[in-house]
Amino acid sequence: MSEKPKFAMYWAASCGGCEIAVLNIGEKILDVDANFDVAFWPVAMDAKYKDVEEMPDKSILLTLFNGGIRNEENAHMAKLLRQKSQILVSFGSCATEGCVPGLANLSSREEVFAAAYDSITSDTLGIRPQYSYEVPEGTLTLPIFNTIVRTLDQVVDVDYYMPGCPPESHQIGAVIDLVIQVLHGQAELPPKGSVIGAGGSTVCDECGRIRNVKKITKFRRLHEVAEIDPVLCLLEQGILCNGPATRDGCGALCPAVGAPCAGCYGPAQDVVDYGARLMTAVSSVIDSNDPKEIDRILDDIVDPAGTFYRFNLAHSLLHASKTAVS
Amino acid sequence: MSEKFEPIIIGFTCNWCSYRAADLAGTARVKYPPNIRLIRLMCSGRVDPTFILKALSEGADAVLITGCHPGECHYIEQNYKTMRRVKLLQRTLAQMGIEPERVKLVWASAAQGVMLAQEITKMVEEVRALGPLNWPGRMREATIIGEHPAVEEVVA
Ligand code: SF4
Ligand code: SF4
Ligand code: FES
(Lines give C-alpha, C1' and ligand atoms only; values in the text may rest on other atoms or scores of the structure.)
(Ligands and ions follow the chains in the order given, each with its own letter.)
Protein backbone atom coordinates (compact mmCIF):
# COMPACT_ATOMS: atom_id res chain seq x y z
CA MET A 1 0.00 0.00 0.00
CA SER A 2 2.94 2.27 0.50
CA GLU A 3 3.39 3.18 -3.19
CA LYS A 4 1.05 6.10 -2.60
CA PRO A 5 2.89 9.42 -2.50
CA LYS A 6 3.41 10.85 0.97
CA PHE A 7 1.74 13.89 2.44
CA ALA A 8 2.74 15.88 5.52
CA MET A 9 1.39 18.89 7.34
CA TYR A 10 3.12 20.64 10.19
CA TRP A 11 2.33 23.58 12.46
CA ALA A 12 4.95 25.94 13.74
CA ALA A 13 4.08 29.32 15.35
CA SER A 14 0.40 29.38 14.50
CA CYS A 15 -3.04 29.04 16.04
CA GLY A 16 -4.24 25.76 14.54
CA GLY A 17 -6.81 27.43 12.30
CA CYS A 18 -5.01 26.24 9.17
CA GLU A 19 -5.45 22.63 10.27
CA ILE A 20 -9.14 23.24 10.86
CA ALA A 21 -9.41 24.80 7.40
CA VAL A 22 -7.88 21.66 5.87
CA LEU A 23 -10.26 19.41 7.79
CA ASN A 24 -13.06 21.71 6.61
CA ILE A 25 -12.70 20.64 2.98
CA GLY A 26 -15.38 18.06 3.64
CA GLU A 27 -15.45 14.87 1.63
CA LYS A 28 -12.41 15.98 -0.35
CA ILE A 29 -10.39 14.77 2.58
CA LEU A 30 -11.28 11.28 1.26
CA ASP A 31 -9.51 12.16 -2.01
CA VAL A 32 -6.47 13.07 0.02
CA ASP A 33 -6.65 9.71 1.71
CA ALA A 34 -7.20 7.88 -1.58
CA ASN A 35 -4.20 9.51 -3.22
CA PHE A 36 -1.75 10.00 -0.39
CA ASP A 37 -0.25 8.26 2.57
CA VAL A 38 -0.17 10.62 5.50
CA ALA A 39 3.44 10.44 6.59
CA PHE A 40 3.40 13.09 9.27
CA TRP A 41 0.60 15.32 10.54
CA PRO A 42 0.76 15.93 14.29
CA VAL A 43 -2.80 17.24 14.56
CA ALA A 44 -4.25 14.13 12.93
CA MET A 45 -1.99 11.28 13.93
CA ASP A 46 0.76 10.41 16.35
CA ALA A 47 4.29 10.65 15.05
CA LYS A 48 7.62 11.68 16.50
CA TYR A 49 10.16 14.09 15.05
CA LYS A 50 12.55 11.15 15.13
CA ASP A 51 10.33 9.33 12.60
CA VAL A 52 10.67 12.22 10.19
CA GLU A 53 14.42 12.39 10.74
CA GLU A 54 14.65 8.75 9.71
CA MET A 55 12.75 9.20 6.44
CA PRO A 56 14.86 9.28 3.25
CA ASP A 57 15.42 12.77 1.81
CA LYS A 58 12.70 13.94 -0.60
CA SER A 59 10.51 11.01 0.36
CA ILE A 60 7.50 13.19 1.15
CA LEU A 61 5.86 14.47 -2.02
CA LEU A 62 3.86 17.33 -0.53
CA THR A 63 4.27 19.18 2.75
CA LEU A 64 1.93 21.93 3.84
CA PHE A 65 3.84 23.97 6.40
CA ASN A 66 1.81 26.42 8.41
CA GLY A 67 3.04 28.71 11.14
CA GLY A 68 5.90 31.15 11.40
CA ILE A 69 9.40 30.56 12.78
CA ARG A 70 9.30 31.81 16.34
CA ASN A 71 11.77 29.48 18.02
CA GLU A 72 14.49 27.00 17.22
CA GLU A 73 12.11 24.06 17.25
CA ASN A 74 10.13 25.73 14.47
CA ALA A 75 13.36 26.39 12.55
CA HIS A 76 14.54 22.80 13.00
CA MET A 77 11.26 21.40 11.68
CA ALA A 78 11.30 23.80 8.75
CA LYS A 79 14.78 22.64 7.74
CA LEU A 80 13.95 18.99 8.34
CA LEU A 81 10.74 19.06 6.31
CA ARG A 82 12.48 20.98 3.53
CA GLN A 83 15.05 18.21 3.35
CA LYS A 84 12.43 15.46 3.35
CA SER A 85 9.93 17.03 0.93
CA GLN A 86 9.79 17.45 -2.80
CA ILE A 87 7.18 20.20 -2.66
CA LEU A 88 7.12 22.53 0.34
CA VAL A 89 4.12 24.85 0.52
CA SER A 90 4.15 27.88 2.77
CA PHE A 91 0.60 27.39 3.94
CA GLY A 92 -1.42 30.24 5.41
CA SER A 93 -0.58 33.71 6.58
CA CYS A 94 1.73 32.78 9.50
CA ALA A 95 4.16 30.77 7.39
CA THR A 96 3.95 33.23 4.52
CA GLU A 97 3.92 36.59 6.30
CA GLY A 98 4.18 36.06 10.05
CA CYS A 99 0.52 36.96 10.58
CA VAL A 100 -0.68 37.96 14.05
CA PRO A 101 2.13 36.08 15.88
CA GLY A 102 4.46 38.22 13.77
CA LEU A 103 3.13 41.34 15.48
CA ALA A 104 5.39 40.31 18.35
CA ASN A 105 8.09 41.82 16.14
CA LEU A 106 6.87 45.18 17.43
CA SER A 107 8.24 44.26 20.86
CA SER A 108 11.51 43.04 22.28
CA ARG A 109 11.85 39.48 23.57
CA GLU A 110 11.95 40.86 27.08
CA GLU A 111 8.63 42.67 26.50
CA VAL A 112 7.12 39.50 25.08
CA PHE A 113 8.24 37.50 28.11
CA ALA A 114 7.10 40.18 30.52
CA ALA A 115 3.64 40.16 28.95
CA ALA A 116 3.47 36.37 28.95
CA TYR A 117 4.93 35.58 32.36
CA ASP A 118 4.86 38.68 34.55
CA SER A 119 1.45 40.12 33.75
CA ILE A 120 -2.07 39.23 34.58
CA THR A 121 -2.13 36.90 31.56
CA SER A 122 -0.03 34.43 33.53
CA ASP A 123 -1.31 32.25 36.36
CA THR A 124 2.23 31.55 37.52
CA LEU A 125 3.16 35.19 37.90
CA GLY A 126 6.86 35.95 37.68
CA ILE A 127 8.01 32.42 36.89
CA ARG A 128 10.05 32.32 33.73
CA PRO A 129 10.78 29.17 31.74
CA GLN A 130 14.37 27.93 31.65
CA TYR A 131 16.08 26.62 28.56
CA SER A 132 17.51 23.71 30.44
CA TYR A 133 16.55 21.97 33.68
CA GLU A 134 18.04 19.02 35.47
CA VAL A 135 15.73 16.23 36.57
CA PRO A 136 16.68 12.77 37.87
CA GLU A 137 16.03 11.31 34.41
CA GLY A 138 18.35 13.75 32.69
CA THR A 139 18.31 17.27 31.28
CA LEU A 140 15.09 18.80 30.00
CA THR A 141 15.48 21.54 27.41
CA LEU A 142 13.26 24.10 25.74
CA PRO A 143 13.90 25.48 22.25
CA ILE A 144 15.54 28.91 22.09
CA PHE A 145 13.05 31.70 21.66
CA ASN A 146 14.39 33.81 18.79
CA THR A 147 14.63 37.59 18.79
CA ILE A 148 12.12 37.95 15.98
CA VAL A 149 9.49 35.92 14.18
CA ARG A 150 10.55 34.92 10.69
CA THR A 151 8.54 33.61 7.78
CA LEU A 152 9.17 30.15 6.37
CA ASP A 153 10.90 31.52 3.28
CA GLN A 154 13.27 33.53 5.43
CA VAL A 155 14.56 30.24 6.81
CA VAL A 156 14.29 27.69 3.98
CA ASP A 157 13.57 27.57 0.27
CA VAL A 158 9.83 27.47 -0.44
CA ASP A 159 8.13 26.11 -3.57
CA TYR A 160 4.66 27.62 -3.31
CA TYR A 161 2.78 30.11 -1.20
CA MET A 162 -0.80 29.72 -0.16
CA PRO A 163 -2.08 32.83 1.63
CA GLY A 164 -5.02 33.36 3.95
CA CYS A 165 -5.78 33.34 7.65
CA PRO A 166 -6.71 30.62 7.22
CA PRO A 167 -6.79 29.73 3.52
CA GLU A 168 -10.40 29.32 2.43
CA SER A 169 -11.47 25.69 2.30
CA HIS A 170 -12.69 25.91 -1.31
CA GLN A 171 -9.25 27.20 -2.29
CA ILE A 172 -7.57 24.34 -0.43
CA GLY A 173 -9.90 21.91 -2.18
CA ALA A 174 -8.98 23.38 -5.57
CA VAL A 175 -5.26 23.09 -4.83
CA ILE A 176 -5.68 19.47 -3.71
CA ASP A 177 -7.60 18.74 -6.91
CA LEU A 178 -4.77 20.26 -8.90
CA VAL A 179 -2.10 18.23 -7.12
CA ILE A 180 -4.10 15.04 -7.69
CA GLN A 181 -4.45 15.91 -11.39
CA VAL A 182 -0.71 16.44 -11.56
CA LEU A 183 -0.19 13.03 -9.96
CA HIS A 184 -2.30 11.47 -12.69
CA GLY A 185 -0.50 13.37 -15.42
CA GLN A 186 -3.54 15.51 -16.21
CA ALA A 187 -2.12 18.89 -15.25
CA GLU A 188 1.15 20.65 -14.61
CA LEU A 189 2.40 22.36 -11.53
CA PRO A 190 2.59 26.15 -11.67
CA PRO A 191 6.07 27.72 -11.78
CA LYS A 192 8.08 27.51 -8.56
CA GLY A 193 7.48 30.48 -6.29
CA SER A 194 3.87 30.95 -7.41
CA VAL A 195 1.09 31.99 -5.10
CA ILE A 196 -1.53 29.26 -5.31
CA GLY A 197 -5.10 29.11 -4.07
CA ALA A 198 -5.66 32.83 -4.57
CA GLY A 199 -6.16 35.40 -7.30
CA GLY A 200 -3.96 37.93 -9.01
CA SER A 201 -5.94 41.03 -8.17
CA THR A 202 -7.22 42.74 -5.01
CA VAL A 203 -10.05 42.19 -2.54
CA CYS A 204 -11.61 45.43 -3.83
CA ASP A 205 -11.95 43.72 -7.22
CA GLU A 206 -14.00 40.95 -5.66
CA CYS A 207 -15.98 43.26 -3.39
CA GLY A 208 -19.55 44.01 -4.37
CA ARG A 209 -19.75 47.36 -2.61
CA ILE A 210 -20.33 50.51 -4.63
CA ARG A 211 -17.37 52.83 -5.09
CA ASN A 212 -17.59 56.48 -5.98
CA VAL A 213 -14.90 59.06 -5.46
CA LYS A 214 -13.25 58.41 -2.14
CA LYS A 215 -12.92 61.58 -0.06
CA ILE A 216 -12.43 61.13 3.63
CA THR A 217 -12.28 63.71 6.36
CA LYS A 218 -12.78 61.37 9.29
CA PHE A 219 -11.79 57.78 9.97
CA ARG A 220 -14.02 55.80 12.26
CA ARG A 221 -13.64 52.48 13.94
CA LEU A 222 -16.45 50.00 13.52
CA HIS A 223 -17.95 50.60 16.95
CA GLU A 224 -18.05 54.33 16.25
CA VAL A 225 -20.29 53.89 13.23
CA ALA A 226 -23.96 54.06 14.18
CA GLU A 227 -25.18 52.45 11.00
CA ILE A 228 -23.06 50.91 8.30
CA ASP A 229 -24.36 51.61 4.81
CA PRO A 230 -25.02 48.14 3.38
CA VAL A 231 -23.90 48.89 -0.17
CA LEU A 232 -21.36 51.69 -0.07
CA CYS A 233 -17.59 50.99 0.00
CA LEU A 234 -16.49 50.88 3.63
CA LEU A 235 -13.45 53.07 3.01
CA GLU A 236 -15.77 55.73 1.64
CA GLN A 237 -17.64 55.53 4.93
CA GLY A 238 -14.40 56.32 6.73
CA ILE A 239 -13.85 52.75 7.89
CA LEU A 240 -10.25 51.70 7.26
CA CYS A 241 -10.48 48.77 4.88
CA ASN A 242 -7.38 46.95 3.68
CA GLY A 243 -9.04 45.72 0.48
CA PRO A 244 -7.01 47.93 -1.88
CA ALA A 245 -3.67 46.28 -0.95
CA THR A 246 -4.86 42.74 -0.28
CA ARG A 247 -4.76 39.79 -2.65
CA ASP A 248 -8.10 38.46 -3.77
CA GLY A 249 -9.05 34.86 -3.15
CA CYS A 250 -11.48 34.90 -0.25
CA GLY A 251 -14.38 36.32 -2.24
CA ALA A 252 -14.29 39.55 -0.19
CA LEU A 253 -15.93 37.81 2.74
CA CYS A 254 -15.46 40.51 5.35
CA PRO A 255 -16.73 43.61 3.50
CA ALA A 256 -19.68 41.51 2.33
CA VAL A 257 -20.86 41.34 5.93
CA GLY A 258 -19.94 44.89 6.85
CA ALA A 259 -16.53 44.27 8.38
CA PRO A 260 -13.48 45.87 6.81
CA CYS A 261 -10.90 43.62 5.19
CA ALA A 262 -8.05 43.16 7.66
CA GLY A 263 -5.69 41.92 4.97
CA CYS A 264 -5.36 38.23 5.75
CA TYR A 265 -4.69 37.22 2.15
CA GLY A 266 -1.54 39.30 2.19
CA PRO A 267 -0.09 41.64 -0.38
CA ALA A 268 -1.65 41.76 -3.83
CA GLN A 269 0.46 40.65 -6.80
CA ASP A 270 3.68 42.70 -7.19
CA VAL A 271 3.22 44.62 -3.95
CA VAL A 272 6.65 44.81 -2.31
CA ASP A 273 5.63 46.18 1.06
CA TYR A 274 2.04 45.67 2.08
CA GLY A 275 1.93 48.52 4.60
CA ALA A 276 3.52 50.93 2.16
CA ARG A 277 0.84 50.15 -0.40
CA LEU A 278 -1.88 50.72 2.17
CA MET A 279 -0.34 53.95 3.40
CA THR A 280 -0.31 55.15 -0.20
CA ALA A 281 -3.94 54.17 -0.68
CA VAL A 282 -5.10 55.74 2.56
CA SER A 283 -3.19 58.99 1.99
CA SER A 284 -4.76 59.33 -1.44
CA VAL A 285 -8.30 59.36 -0.10
CA ILE A 286 -7.77 61.92 2.65
CA ASP A 287 -9.63 65.01 1.52
CA SER A 288 -7.42 67.79 2.82
CA ASN A 289 -4.37 69.73 1.73
CA ASP A 290 -3.93 71.49 5.04
CA PRO A 291 -1.14 70.06 7.23
CA LYS A 292 -2.99 70.69 10.50
CA GLU A 293 -6.22 69.19 9.28
CA ILE A 294 -4.36 66.19 7.83
CA ASP A 295 -2.81 65.62 11.24
CA ARG A 296 -6.22 65.80 12.85
CA ILE A 297 -7.60 63.24 10.41
CA LEU A 298 -4.61 60.95 10.90
CA ASP A 299 -5.15 61.10 14.67
CA ASP A 300 -8.19 58.88 14.01
CA ILE A 301 -5.84 56.05 13.00
CA VAL A 302 -4.83 55.01 16.49
CA ASP A 303 -2.67 52.00 15.64
CA PRO A 304 -1.08 52.58 12.22
CA ALA A 305 1.60 49.87 12.46
CA GLY A 306 -0.89 47.30 13.73
CA THR A 307 -3.41 48.28 11.09
CA PHE A 308 -1.14 48.41 8.07
CA TYR A 309 0.98 45.41 9.02
CA ARG A 310 -1.49 43.26 10.95
CA PHE A 311 -0.64 40.14 8.93
CA ASN A 312 2.52 41.20 7.24
CA LEU A 313 5.05 42.66 9.67
CA ALA A 314 7.49 39.74 9.55
CA HIS A 315 7.54 39.90 5.75
CA SER A 316 7.67 43.68 5.46
CA LEU A 317 10.77 45.56 4.36
CA LEU A 318 11.63 46.51 7.93
CA HIS A 319 10.56 43.14 9.33
CA ALA A 320 10.39 44.36 12.93
CA SER A 321 10.36 47.46 15.08
CA LYS A 322 13.56 49.08 16.27
CA THR A 323 12.57 48.10 19.80
CA ALA A 324 12.54 44.44 18.79
CA VAL A 325 15.97 44.50 17.17
CA SER A 326 17.84 46.89 19.47
CA MET B 1 34.66 57.13 19.91
CA SER B 2 37.34 58.04 17.44
CA GLU B 3 35.58 58.44 14.13
CA LYS B 4 32.70 60.78 13.61
CA PHE B 5 29.55 59.04 12.44
CA GLU B 6 28.81 60.06 8.85
CA PRO B 7 25.14 59.49 8.12
CA ILE B 8 23.96 58.27 4.75
CA ILE B 9 20.90 60.11 3.58
CA ILE B 10 18.97 59.23 0.43
CA GLY B 11 17.35 62.27 -1.16
CA PHE B 12 14.45 62.01 -3.59
CA THR B 13 14.01 65.24 -5.53
CA CYS B 14 11.38 66.13 -8.07
CA ASN B 15 12.58 67.00 -11.55
CA TRP B 16 11.17 70.51 -11.58
CA CYS B 17 11.56 72.97 -8.72
CA SER B 18 13.49 71.03 -6.16
CA TYR B 19 16.09 69.30 -8.36
CA ARG B 20 16.76 72.69 -9.93
CA ALA B 21 17.27 74.09 -6.47
CA ALA B 22 19.86 71.39 -5.80
CA ASP B 23 21.40 72.05 -9.21
CA LEU B 24 21.50 75.77 -8.53
CA ALA B 25 23.26 75.15 -5.23
CA GLY B 26 25.85 73.22 -7.23
CA THR B 27 26.40 75.80 -9.98
CA ALA B 28 26.52 78.63 -7.42
CA ARG B 29 29.12 76.57 -5.49
CA VAL B 30 27.03 76.63 -2.33
CA LYS B 31 28.50 73.91 -0.16
CA TYR B 32 26.50 71.16 1.45
CA PRO B 33 27.78 67.95 3.04
CA PRO B 34 28.34 64.94 0.79
CA ASN B 35 26.25 62.70 3.06
CA ILE B 36 23.24 63.00 0.80
CA ARG B 37 22.76 60.87 -2.32
CA LEU B 38 20.23 62.52 -4.58
CA ILE B 39 17.88 60.55 -6.78
CA ARG B 40 15.86 62.55 -9.26
CA LEU B 41 12.25 61.56 -9.92
CA MET B 42 9.70 63.39 -12.01
CA CYS B 43 7.64 64.49 -9.03
CA SER B 44 7.64 64.08 -5.26
CA GLY B 45 4.35 62.27 -5.83
CA ARG B 46 6.36 59.43 -7.33
CA VAL B 47 7.89 58.70 -3.93
CA ASP B 48 6.16 55.53 -2.86
CA PRO B 49 6.61 54.83 0.88
CA THR B 50 8.14 51.57 -0.38
CA PHE B 51 11.18 53.55 -1.63
CA ILE B 52 11.65 55.14 1.77
CA LEU B 53 11.31 51.85 3.65
CA LYS B 54 13.65 50.14 1.21
CA ALA B 55 16.28 52.84 1.70
CA LEU B 56 16.03 52.60 5.48
CA SER B 57 16.01 48.81 5.52
CA GLU B 58 19.08 48.62 3.28
CA GLY B 59 21.29 50.88 5.28
CA ALA B 60 20.30 54.53 4.86
CA ASP B 61 20.14 56.48 8.11
CA ALA B 62 17.52 58.88 6.81
CA VAL B 63 15.53 59.90 3.75
CA LEU B 64 14.89 63.41 2.46
CA ILE B 65 12.10 64.11 0.02
CA THR B 66 12.00 67.44 -1.75
CA GLY B 67 9.23 68.83 -3.89
CA CYS B 68 7.79 72.01 -5.34
CA HIS B 69 6.00 74.32 -2.93
CA PRO B 70 2.31 73.58 -2.27
CA GLY B 71 0.26 74.78 -5.22
CA GLU B 72 3.28 74.64 -7.52
CA CYS B 73 3.63 70.95 -8.27
CA HIS B 74 3.94 70.39 -12.01
CA TYR B 75 1.45 67.57 -11.70
CA ILE B 76 -1.15 69.74 -10.01
CA GLU B 77 -1.50 68.34 -6.51
CA GLN B 78 0.71 65.30 -6.21
CA ASN B 79 2.89 67.01 -3.63
CA TYR B 80 -0.12 67.22 -1.29
CA LYS B 81 -0.43 63.45 -1.55
CA THR B 82 3.25 63.21 -0.73
CA MET B 83 2.70 65.35 2.34
CA ARG B 84 -0.08 63.03 3.55
CA ARG B 85 1.97 59.93 2.83
CA VAL B 86 5.01 61.21 4.66
CA LYS B 87 2.93 62.17 7.68
CA LEU B 88 1.29 58.76 7.78
CA LEU B 89 4.60 56.97 7.30
CA GLN B 90 6.20 59.02 10.08
CA ARG B 91 3.44 57.94 12.45
CA THR B 92 3.90 54.30 11.53
CA LEU B 93 7.68 54.56 11.92
CA ALA B 94 7.32 56.26 15.29
CA GLN B 95 5.22 53.35 16.51
CA MET B 96 8.00 51.06 15.31
CA GLY B 97 10.55 52.92 17.39
CA ILE B 98 12.15 54.67 14.41
CA GLU B 99 12.58 58.40 14.96
CA PRO B 100 10.18 60.16 12.55
CA GLU B 101 12.88 62.81 12.00
CA ARG B 102 14.66 60.26 9.86
CA VAL B 103 12.14 61.02 7.13
CA LYS B 104 11.87 64.65 6.14
CA LEU B 105 9.93 66.56 3.52
CA VAL B 106 11.21 69.93 2.29
CA TRP B 107 9.65 72.22 -0.31
CA ALA B 108 12.06 74.16 -2.51
CA SER B 109 11.50 76.36 -5.52
CA ALA B 110 14.00 76.45 -8.39
CA ALA B 111 15.45 79.65 -6.91
CA GLN B 112 16.01 78.29 -3.41
CA GLY B 113 19.36 76.60 -3.85
CA VAL B 114 20.86 78.22 -0.77
CA MET B 115 17.89 77.34 1.40
CA LEU B 116 17.97 73.69 0.23
CA ALA B 117 21.69 73.45 0.92
CA GLN B 118 21.06 74.78 4.43
CA GLU B 119 18.25 72.29 4.98
CA ILE B 120 20.50 69.44 3.91
CA THR B 121 23.28 70.63 6.21
CA LYS B 122 20.82 70.88 9.09
CA MET B 123 19.40 67.44 8.42
CA VAL B 124 22.85 65.83 8.33
CA GLU B 125 23.54 67.26 11.80
CA GLU B 126 20.15 66.14 13.12
CA VAL B 127 20.68 62.61 11.84
CA ARG B 128 24.22 62.57 13.19
CA ALA B 129 22.74 63.39 16.60
CA LEU B 130 20.21 60.54 16.27
CA GLY B 131 23.01 58.09 15.53
CA PRO B 132 23.23 55.26 13.02
CA LEU B 133 20.08 53.37 12.11
CA ASN B 134 22.10 50.41 10.81
CA TRP B 135 19.10 48.29 9.88
CA PRO B 136 21.05 45.57 8.02
CA GLY B 137 23.33 45.14 11.05
CA ARG B 138 20.40 45.01 13.45
CA MET B 139 18.64 42.39 11.35
CA ARG B 140 21.77 40.31 11.07
CA GLU B 141 22.12 40.30 14.82
CA ALA B 142 18.46 39.58 15.41
CA THR B 143 18.66 36.45 13.29
CA ILE B 144 21.82 35.03 14.85
CA ILE B 145 20.70 32.02 16.81
CA GLY B 146 21.94 31.01 20.20
CA GLU B 147 24.00 34.09 20.88
CA HIS B 148 21.45 36.11 22.76
CA PRO B 149 21.61 36.11 26.51
CA ALA B 150 19.70 33.27 28.09
CA VAL B 151 16.25 34.09 29.32
CA GLU B 152 16.13 35.11 32.98
CA GLU B 153 16.27 32.15 35.29
CA VAL B 154 13.25 31.24 37.34
CA VAL B 155 12.72 33.61 40.21
CA ALA B 156 9.75 32.16 41.98
S1 SF4 C 1 -12.08 49.32 0.23
FE2 SF4 C 1 -13.06 47.55 1.23
S3 SF4 C 1 -15.28 47.98 1.11
FE4 SF4 C 1 -14.26 49.34 -0.35
S5 SF4 C 1 -14.30 48.24 -2.30
FE6 SF4 C 1 -12.35 47.71 -1.32
S7 SF4 C 1 -12.75 45.83 -0.17
FE8 SF4 C 1 -14.75 46.74 -0.68
S1 SF4 D 1 -11.89 40.23 3.28
FE2 SF4 D 1 -9.71 40.50 3.84
S3 SF4 D 1 -9.55 39.90 6.01
FE4 SF4 D 1 -11.55 39.13 5.22
S5 SF4 D 1 -11.11 37.00 4.58
FE6 SF4 D 1 -10.83 38.33 2.77
S7 SF4 D 1 -8.63 38.86 2.74
FE8 SF4 D 1 -9.12 38.07 4.78
S1 FES E 1 6.73 68.28 -9.75
FE2 FES E 1 7.77 69.00 -7.99
S3 FES E 1 6.55 68.12 -6.44
FE4 FES E 1 5.42 67.53 -8.19
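In what follows, chains carry the letters A, B, and so on, assigned in the order in which the sequence lines appear, proteins first and then strands, with residues in each chain numbered from 1.
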Can you tell which part of [X] gets under 4.5 Å to a heavy atom of chain A, answering side chain, backbone, both or neither?
X: E99(B); result: side chain
X: E77(B); result: side chain
X: I52(B); result: neither

Go through F311(A) and Y265(A) one step at a time and tell me if the ring pair (Phe, Tyr, Trp, His ring centres under 6.0 Å) criterion holds. CA-CA 8 Å; F311(A) 292 89; Y265(A) 260 69; 9.8 Å; no
Using side-chain hydrogen bond (donor to acceptor under 3.5 Å, both in side chains), reason through Q154(A) and H315(A) one step at a time and then give a plain yes or no. CA-CA 9 Å; Q154(A) 287 164 354; H315(A) 213 268; 4.6 Å; no
Quick one: which of [options] has the most heavy-atom pairs under 4.5 Å with chain B, could you say?
options: V325(A), D303(A), L318(A); result: L318(A)
options: L298(A), L313(A), N289(A), I294(A); result: N289(A)
options: G306(A), S283(A), A276(A); result: S283(A)
options: A324(A), S321(A), S284(A); result: S321(A)
options: A75(A), A320(A), S107(A); result: A320(A)
options: V271(A), D299(A), T307(A); result: D299(A)

Has the side chain of R85(B) got a donor or acceptor atom that lies under 3.5 Å from a matching backbone atom of G45(B)? yes
Chain B heavy atoms under 4.5 Å from [X]: which part of the residue, side chain, backbone, both or neither?
X: Y117(A); answer: neither
X: S288(A); answer: backbone
X: N71(A); answer: neither
X: D295(A); answer: both
X: I297(A); answer: neither
X: I286(A); answer: both

Taking everything shown except F5(B) itself, do over 12 heavy atoms lie less than 6.0 Å from its CZ? yes
F12(B) ring centre to R46(B) NZ or CZ under 6.0 Å, with the angle to the axis within 45°? no
When rounded to the nearest 0.5 Å, the distance separating CD1 of I36(B) from CE of M123(B) is 7.0 Å
Are R128(B) and E125(B) ion-paired here, with the side-chain N under 4.0 Å from a carboxylate O? yes
Reference residue V203(A); test side chain to side chain contact (heavy atoms under 4.5 Å, CB included); the match among C261(A), P260(A), P244(A): C261(A)
Taking side chain to side chain contact (heavy atoms under 4.5 Å, CB included) as the criterion, tell me which of L103(A), N74(A), N105(A) meets it with V149(A). N105(A)
With chain A, which of M139(B), R138(B), R84(B) has the greatest number of heavy-atom pairs at distances under 4.5 Å? R84(B)
Ring-plane angle category for H74(B) and W16(B), please: parallel below 30°, perpendicular beyond 60°, tilted otherwise. parallel
